[in-house]
Asker: 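Take this structure, written in structure tokens, and hold onto it; I'll ask about it next.
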Protein chains: 2
Amino acid sequence: MRASDRVYESLREDILAWRLVPGTVLSEVEQAARLGVSRTPLREGLRRLASDGLAVVGKGRTLVVAELAANDVRHLFELREALETQAARLAARRRRAGVFEDLCARFARADELLTDQDPTRSAYYLLVADLDAAIDAAVDSPYLLRSLQGLRTHVARARRLSRDDTPRLLQAAQEHLLIAQAVLDRDETLAAQATAVHLRRSLATILASLGDRPTSPWPDPPATALGVLT
Amino acid sequence: MRASDRVYESLREDILAWRLVPGTVLSEVEQAARLGVSRTPLREGLRRLASDGLAVVGKGRTLVVAELAANDVRHLFELREALETQAARLAARRRRAGVFEDLCARFARADELLTDQDPTRSAYYLLVADLDAAIDAAVDSPYLLRSLQGLRTHVARARRLSRDDTPRLLQAAQEHLLIAQAVLDRDETLAAQATAVHLRRSLATILASLGDRPTSPWPDPPATALGVLT
DNA sequence: GTCAGCGGTTTTGTATACAACGGGAGGGAT
DNA sequence: ATCCCTCCCGTTGTATACAAAACCGCTGAC
């Protein structure tokens, strides 16, 4: 593997994990020394981070780790809604049934993954990643996938901003199940709208966890009332 | 201006104008000699092209100019529909009235720009660019704008694929007018749907001009029948 | 007190030399 | 004849040296 790739992945991981916090200046000589490479491949990795939007030009010509605050998350979800509803629509149009039958079965039993045994929820997030991958495979639209890929980088960073809330994850599992079922049923409209619903609720959860008041002043309905959607 | 920026812009222009055709290998030493810079800034420009999707890795480690065929245009418009309908929706929500009043007036008179005097249609395309810029300014959503920017690069390249057809441009002007009016009226749904209509028609025109049979076997309605939409 | 100009220092931008990887032609074995 | 192995050459990847530009603190004038 090339040194510039190692640099890129290493810095990317550090930024996504919030080990490098927003505003940190990414000095070429300093980072080159830290990662044990020369400035040439380091610069290449840095420019890739910049084209991902993970680093932005600070004062002068320096690169700094990009901000990601509550308002940025709102903007991020405006893009996410555009891309993921379209992805769901196209997946519903083009999917092969087998994968989504399997995913529906797994999401129907997602509560078994959300016991208190696994505080990182890795089994659950793996299932969500599998759904994303299945949708990507079904979409089969290179330009859209490319944008989705860039988006997911920022979504992953945003996830680390808010704490994992088990009731919300159980609700999210039902929303994912609805999406997977709609794709399986080739119901393009429902797939897109269920995705939109899921994203709006996820955004509200993240913003609430950040201490932001939600845009709507209404209390959330009790979780049991949402069961009818599944 | 930095040498790497000149390299990037020069190669980008060459690719968008189809002076560098798909499949052309972008050899570092060759291009560095042609553009009069050393390999270091040239590589930087090349990587930017790759992250834009204008260059892709060929056999070995070489970069080649990316393909853009009829099927790619279809995929491109799947992304375009996702991004531009969302942009229109958000612009309708957040626009300041003045700019769009002006744009409506200009699009209402777009037929005056489409005389046979100007074979490049530069005045008309400038007007379209102004609408795009006004929507961008109203959207005010950094992540979405970033994706839109990347998209427009490929759209510009695709435009050079098909010939300019005056009747279609007159029809497109009416579609643009409808979008601008919907944004001005803060009608989010209409803005999004009018954008979708415009994109579907544009895609059909491009594909027809490429010799592809449209997906629908129906003949286009006469141009005068579309006047009711304005 | 404030602001403009000016070195000094630090940082980024560029050029070049060298290392390493990969493809392709050629030859030998089967 | 075909397949595979090897060596050579061209290309890309990396390191380093040098050039240029920008920040910072200083000084001085108004």
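Below, chains carry the letters A, B, ... as their sequence lines are ordered, and counting in each starts from 1.
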Asker: Does anything in residues 119-143 of chain B pair up under ring-ring contact (aromatic ring centres under 6.0 Å, His included), and if so which pairs, sequence neighbours excluded?
Answerer: A:His154-B:Tyr143
Asker: Report the distance from atom OH of B:Tyr8 to atom C1' of C:dG13, rounded to the nearest whole Å.
Answerer: 19 Å
Asker: Between atom CE in A:Met1 and atom P in D:dG13, what is the gap in whole Å?
Answerer: 14 Å
Asker: What I want to find out is whether A:Asp165 reaches A:Arg121 closely enough, with some N-O distance under 4.0 Å, to be called a salt bridge.
Answerer: no
Asker: Rounded to the Å, how far apart are A:Glu44 CD and D:dT14 P?
Answerer: 7 Å
Asker: Find out whether A:Arg6 and A:Leu35 are in side-chain contact, i.e. whether some heavy atom of one side chain is under 4.5 Å from a heavy atom of the other.
Answerer: no
Asker: Could you write out each protein N or O paired with an N or O of nucleotides 21-23 of chain D at a distance under 3.5 Å?
Answerer:
from, atom 1, to, atom 2, distance (Å)
D:dA21, O3', A:Arg61, NH1, 2.8
D:dC23, OP1, A:Gly60, N, 3.3

Asker: May I have the distance from B:Arg43 (atom CZ) to C:dG13 (atom P), rounded to whole angstrom?
Answerer: 16 Å
Asker: For the pair made of CG in B:Asp5 and C1' in C:dT12, what is the distance, rounded to whole Å?
Answerer: 13 Å
Asker: Using a cut-off of under 3.5 Å, enumerate the N/O to N/O pairs linking the protein to nucleotides 8-11 of chain D.
Answerer:
none

Asker: Give me, pair by pair, the N or O atoms of the protein and of nucleotides 16-18 of chain C that are less than 3.5 Å apart, along with how far apart they are.
Answerer:
from, atom 1, to, atom 2, distance (Å)
C:dT16, O4, B:Thr40, OG1, 3.1

Asker: Charged N to carboxylate O under 4.0 angstrom, B:Arg94 versus B:Asp140?
Answerer: no
Asker: Which pairs pass side chain to side chain donor-acceptor pair (under 3.5 Å) with one or both residues in residues 15-25 of chain B, sequence neighbours excluded?
Answerer: B:Asp14-B:Arg19
Asker: Can you measure A:Leu35 atom CG to D:dT14 atom P for me and round it to whole angstrom units?
Answerer: 13 Å
Asker: Hydrogens and angles aside, do A:Arg12 and A:Thr153 bring a side-chain donor and acceptor to less than 3.5 Å of each other?
Answerer: yes
Asker: What is the separation between atom CZ on A:Arg47 and atom P on C:dT12, rounded to the nearest whole Å?
Answerer: 10 Å
Asker: Could you pull out all residues at least two apart from B:Arg48 that satisfy salt bridge (charged side-chain N to carboxylate O under 4.0 Å, His left out)?
Answerer: B:Asp5
Asker: Looking at every heavy atom in both A:Leu114 and A:Thr166, which two are closest together, and how far apart are they?
Answerer: O-CG2, 4.0 Å
Asker: Under a 3.5 Å threshold, yes or no: a donor from one side chain and an acceptor from the other, between A:Ser209 and A:Arg168?
Answerer: no
Asker: Inspect the contact between B:Glu188 and B:Arg89 and indicate whether a charged nitrogen and a carboxylate oxygen are less than 4.0 angstrom apart.
Answerer: no
Asker: Think B:Arg2 has a side-chain N or O under 4.0 angstrom from the OP1 or OP2 of D:dA19?
Answerer: no
Asker: Should B:Arg43 and A:Glu44 count as an ion pair when the cut-off is N to O under 4.0 Å?
Answerer: yes
Asker: Whole-Å distance between C:dG13 P and B:Arg6 CZ?
Answerer: 14 Å
